[in-house]
Amino acid sequence: MTLKLCVLTPNRIILDSEVKEIILSTNSGQIGVLPNHAPIATAVDIGLLRIRLNDQWLGVALMGGFARIGNDEIIILGNDGEISTDINPQEAQEALEIAEATLRKAKGKRQVIEANLALRRARTRVEAVNVIS
Amino acid sequence: MAMAALRREGKRFLLSPNPAIAVRSAVLSDELTAPLGTRSISTQVVRNRMKSVKNIQKITKAMKMVAASKLRAVQVRTENSRGLWQPFTALLGDTPSVDVKKNVIVTISSDKGLCGGINSTSVKVSKALYKLTAGPEKETQYVILGEKGKVQLIRDSKASIALTITEIQKNPLNYTQVSVLADDILKNVEFDALRIVYNKFHSVVSFIPTISTILSPEAVEKESEAGGKLGDLDLYEVEGGETKSEVLQNLAEFQFSCVLFNAVLENACSELGARMSAMDSSSRNAGDMLDRLTLTYNRTRQASITTELIEIISGASALTG
């Protein structure tokens with residue numbers, strides 16, 4: 001029993017394959033989806049999407065979007081996303097440090113919110129690289 | 001525009017020589033058969049015309065190649081973005097015939113000209129849609145993207161234009177820019193249904209005017225009570241927000257920005273394809289005109305040589321005979 005997963009962003013299709021299980025992070029917590037899950041339409045938060053294909057876990061850094069789960073088919077529409085194998089760990093770490101520095105320097109509500117978002121994105125990318133496979 | 005300039009040049013051609021010749025030449029269009037006893041016009045004039053036509057041909061050929069190379073890049077991105085709006089249609093269904101009070105027509109057109117008839121078709125479809133959705137207690141407004149559409153619609157529908165946005169293609173199109181645009185439109189205009197009018201790119205020679213309909217969350221609620229595809233939405237357990245309507249609102253906004261992104265890319269592709277074919281036919285026409293001018297040039301040259309010979313020979317025979 002497998003799930004058909006499709007991860008799309010405005011610029012390209014990130015992933016289109018059959019998987020065994022996924023763990024999705026929504027803004028009300030993380031949900032795990034196995035075959036024969038109940039139909040769900042949910043908003044996806046900026047975070048890590050973990051995918052299990054044949055006992056191997058893969059990570060995708062997803063920057064918010066929507067997911068629809070039904071009939072063993074999962075469609076995730078994201079604003080942006082990267083597969084963990086495509087992320088350079090060195091560069092992701094540097095981006096995280098830069099984002100933290102920007103947050104410390106940010107003044108004014110808008111800058112703080114933007115810096116927070118950038119920080120979460122950078123942190124997600126670093127987490128993606130560290131997913132145990 | 002290039003063809004109009006050539007036509008004007010042709011007219012000047014007829015007016016510059018002797019008026020007597022012009023009257024006769026008017027009947028014979030571009031040919032220059034001078035009546036006997038008068039000098040035909042110099043080859044210099046014809047040569048100037050040929051030079052300008054050749055320059056125009058070079059320019060249109062270059063424009064065609066530029067459009068072709070840009071098209072290749074945009075086409076790839078358009079195809080990638082097509083997969084984006086299909087899940088929305090699968091989830092929410094497509095109801096172009098929905099009857100709502102407030103319609104907003106988003107017309108997508110190009111900023112630059114010389115791209116064939118695509119802008120006129122978009123404007124025609126928008127105007128037809130306006131008439132279709134008009135009625136008692138109903139309100140329809142325009143949001144115009146692109147200079148050409150704005151110029152055409154401002155002439156007779158100035159009162160119903162809510163927002164115009166130009167110069168979207170100054171920086172290469174990307175999703176962030178379009179989502180900011182979508183946000184802008186959503187903030188400033190009230191709507192129950194949004195209808196996006198654009199030219200869908202099927203191939204380099206075919207661009208079909210298309211309308212995409214997006215409903216506001218309240219309209220979605222109303223339609224879901226009516227049943228059909230949207231009725232199945234209730235089967236889904238909706239998570240990820242405080243209330244179902246908040247998630248639906250987010251979903252509708254996301255859907256709008258995805259569909260708008262795809263529409264803008266498709267219209268850009270169609271514009272480039274139309275410009276390619278317009279410039280291609282333009283260079284071919286310039287080539288034809290060049291051929292005709294070459295024939296006229298040769299005839300003029302031979303006529304002047306013959307006139308000189310006649311003068312010389314008759315002068316010589318007058319001296320000897």
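Below, chain A is the first sequence line, B the second, and so on; all start at residue 1. Atom set for the values below is all heavy atoms of this structure, side chains included, hydrogens, waters and symmetry mates excluded.
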- Message: Can you tell me if B:K200 has over 12 outside heavy atoms packed within less than 6.0 Å of its NZ?
- Response: yes
Contacts satisfying side-chain hydrogen bond (donor to acceptor under 3.5 Å, both in side chains) that involve residues 66-81 of chain B (not counting sequence neighbours) are B:S81-B:N262
Note: A:N79 and B:F254 closest approach over all heavy atoms is OD1-CE1, 3.1 Å
So CD of B:Q86 and CG of A:L77: to nearest 0.5 Å the spacing works out to 10.5 Å
So the side-chain hydrogen bond (donor to acceptor under 3.5 Å, both in side chains) pairs with at least one residue in residues 12-25 of chain A (sequence neighbours excluded) are A:T2-A:E18, A:K20-A:N54, A:E21-A:R52
Can I get a per-line list of side-chain donor-acceptor pairs under 3.5 Å for residues 179-192 of chain B, giving both atom names and the distance, sequence neighbours left out?
residue	atom	partner	partner atom	Å
B:S179	OG	B:Y175	O	3.2
B:S179	OG	B:T176	O	2.8
B:N188	ND2	B:D184	O	3.3
B:E190	OE1	B:K102	NZ	2.9
B:D192	OD2	B:K102	N	3.4

Contact list (residues 92-105 of chain A to chain B, heavy-atom gap under 4.5 Å, by number) returns none
